[in-house]
Every structure is written in structure tokens, then in C-alpha cells.
Amino acid sequence: MISIGREFASKDISVTGRDLHEFAAGLYPICRSITGDGIRETLRQIKERIPLDIVEVPTGTKVFDWTVPKEWNIRDAYIADPNGNRIVDFQHSNLHVVNYSAPLCATLPLNELKEHLHTIPEHPDWIPYRTSYYKENWGFCLSHRQMQSLAEGDYKVCIESSLIDGHLSYGECYLAGRSDHEVLISVHACHPSLANDNLSGLTVATALAEFLVGRDLRYSYRFLFLPGTIGAITWLARNREKTERVRHGLVLTCIGDGGGFHYKKSRRGNAEIDRAAAHVMRHCGEPSETLDFSPYGYDERQYCSPGFNLPVGCLMRSVWGTFSEYHTSADNLDFIRPEQLARSTQLCASILDVLEGNRSYVNQNPCCEPQLGKRNLYRSTGGESIDIEINARLWVLNFSDGEHDLLDIAERSGLPFMVIQDAAQLLLESGLLAEALTTR
Ligand SMILES: [Zn+2]
């Protein structure tokens, strides 16, 4: 029986974690945005690990109520003080420039310059991350401490960017399974040097896809690496017919920090993915919490918009927007941890195990308990204690009425899904269970 989660758990977590963190570190310096060469280079590096189609959608393409914007690229940007010293330098941190800043070269007095400067007074040493995608503007981000130190005088500002007709790029990795029913895994890939918000999701999704390549899978898997919001909207607009195949989905974001797990339910609230994620988190040995759906967040907003209402939830560690490092230079490679990245990947693999293995069965001997002893079913198969294994077999037999799937039984019994699934497999082999006809 396939057990992606168990196989993943058998790997050395420190080796897996180091690999994930190194991959994130390689992507970290790239100046990504919702379009342009930064996201293209990111997709190229992902493509070195997994089969990936890179799709280019022209500027001006209508996607539902939105339009694919002009493509943005940047070579250099700086502020020079009255003595000509580069005091804010894009080459030191790509967060220094408001993402999507229009090109500019000008000399301004300090008071005018300050209208275009962004800082975080509560964290005076951090650089904020700011964007201006849909309103043409320009600006710089710097530490509050540095801004306070600026003397009066004329400052030269230079932004060597381009904002011209081009393309929006996204990456799509499709792994065909036995069914054309799909599991959708979606991550945003549009933030520059930010680690938890952006790179953690990218690395975990890439590792999952890498792990699934070449396997015999029940479902087909579609991994999307997209610019946030506009990328998901673009994909949905171009792939409306494919959305009917999506049976389960996850948006992954902010999944590498030291916090416990948070799963935000799909708009449906009781989709199988919602139950599977909650179940796996309950048994994962780390703190976890399930959150109700809200129409604000990452790309689950688009997948769960009423015209689609797909069964897509969002898995995080710390919830976006709630940790002080969010959208600042402090969301760096030290903020994400190798072990947490590896454990997040393992948790995702365990959720996929539930989706792959969840089925309904029918007890073939429903009138009173079958006699387990004479069928040699009063024995341990070695994974758990004999009591737990027998208990699981009794739960499976009792609730296998075609109405309850294995995940229902795992939830009602309080036992981990894999223990219930092992019991069902043994009972199936012994002839005491048959697969319910409704299961696909
Ligand atoms: Zn963000």
C-alpha cells in the first residue's frame, strides 16, 4: 500500500531539511515580482527539480475582471545623499525598492523624497516590503533608523526599471495518476527576498512534487507556481474546464517558521481536504489549529470564489499577517528553519496519504462481530500495539456500512488514519470487507 507520509518520515529529517533550506537559500536573492525575469528565473530553478511547463500570458490579456499587467523588470536602483554616496542600494537588498516602481532619475529635497519612503517605526532596523502593482508609482523602503538619520539636502534617486508590454509567467507541474480527478497544490512565487512568505511554500511544493514523480497514484496532481492573486485568476480564467476535475486542493504559504500548524478551511468548510488536514494535524505531534474560511488571505480566495467554490484550503504555520516579521526584511533565511520545512513537507505528504487512501467499504459479515481468531486476525502486524490494531479492526468492521469512509472512522475512533487504513487492508484481504461501489 502506498504511504507517502511514512516513506517521507523514514528519511533523515535533518538531510531533508537541509536540502529544502538550501533550495530556498538559492532562490532568496532573486528579485521576484508578479511578472518579469525574477519569477522566470525562479521557475527555471524549480524546473531543474520537477517537470514544469512554464506558461507566458501576454500583457493586456483579460482574465475575468482583471487584466494581465505590464511586465516589470529592474536592473538597479539607489538613493544618493547630497555628497553622492549611495545610501540606499537595491544591490544590497531588493526590498529597498517598492516592487513595480516605475523608472525614474531625479534629484529631490529631503521633504519631497520622504513622501516616497517607507519604514516600520515599531521595528526600526527592519526594511518593509511594499508593492504598487496596479497603480503606477515609485518608492523606496529602508530602516526607520536610517530614515531618521537623513540630513537636509538634495538627494538623487534613480530607478533603472522597465514597465512595458511583456508577459505574466507561471509554472505548472502535472503528474498523471490513475484517475483524472485532481489534487491541486498552489503556491505564490512573486515575493522578492522573503523566506517564509513565498519561499517556504515554493520549496515544500517542489519537494512534494519531486517525491510524487513516477509514482503510481490514485489522483492526478497539479502543482501551480504563480504570482499571487493575478496568477491564480489567470490560471482559473484559462483553465475553467479543468477546475471540474479538482477534488481536493491546498494553498501552501508561510510554512517554514517555528510556529505550529494552521489550516484554513475551504469555503465549503466540510470538504474532504478540510477533514483530512484537520485529522493529520491532530495526530502530528505539533501544536495546530483549524481556522474557518474567510474571503481574505492567499490564493484560496480565488479558488474558493463563489463561481468556483473549489475544495481548496490553506495550510500555514504562522498565519500570514499575524507575525511581526511578515512582509519585512526579518522574514529572512534565519526565520525559516530546515527542520520545520521538512516537517511541513511530511505533514503535507500525510494529508496526501489520507486523500489517496480514503475509501468506503462494506462489512461482509455485518450481523454480530465476525470471529477474528479463527481468521488469524487476532494478531499484530507489527506497526502498533495489538490492542490498538484490534481496536482499529473493530471500528472498521462496525462502521464499514458503505456510508462512512475510513477518514470518518479514524475521526470517530480517535485513531490515526494510517492505523485505520492498515486495519481495512487486512480485513479486505481476509474477505471481511468489500469496497463500496461508490468509491472511485
Ligand atoms: Zn505576502
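Predicted model, so just to flag it, every value in this text is computed and none were measured. Atoms within a ligand are numbered from 1 in the order they appear, just like the ligands themselves.
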inquiry  = Suppose the criterion is salt bridge (Lys or Arg N to Asp or Glu O under 4.0 Å): which pairs have a residue in residues 309-331, not counting sequence neighbours?
reply    = Glu286-Arg317
key: Pairs flagged by salt bridge (Lys or Arg N to Asp or Glu O under 4.0 Å) wherever residues 14-32 is involved - sequence neighbours left out   = Asp19-Arg49
request  = Name all pairs fulfilling the salt bridge (Lys or Arg N to Asp or Glu O under 4.0 Å) condition that reach into residues 82-93, sequence neighbours left out, sorted by first residue then second.
outcome  = Asp76-Arg86, Arg86-Asp89
task = Anything protein N/O/S under 2.8 Å from the Zn ion (ligand 1)? Just list residue and atom, please.
result = His191 NE2, Asp197 OD2, Tyr298 OH, His327 NE2
message = Looking only at the aromatic ring of each residue, does the gap between the centers of His118 and Phe140 stay below 6.0 angstrom?
response = no
inquiry  = Measuring only between side-chain heavy atoms, which start at C-beta, is Met281 closer than 4.5 Å to His262?
reply    = no
ask   = Do you know which of Thr35, Val57, Val63 makes side-chain contact (heavy atoms from CB on, under 4.5 Å) with Ile230?
value = Val63
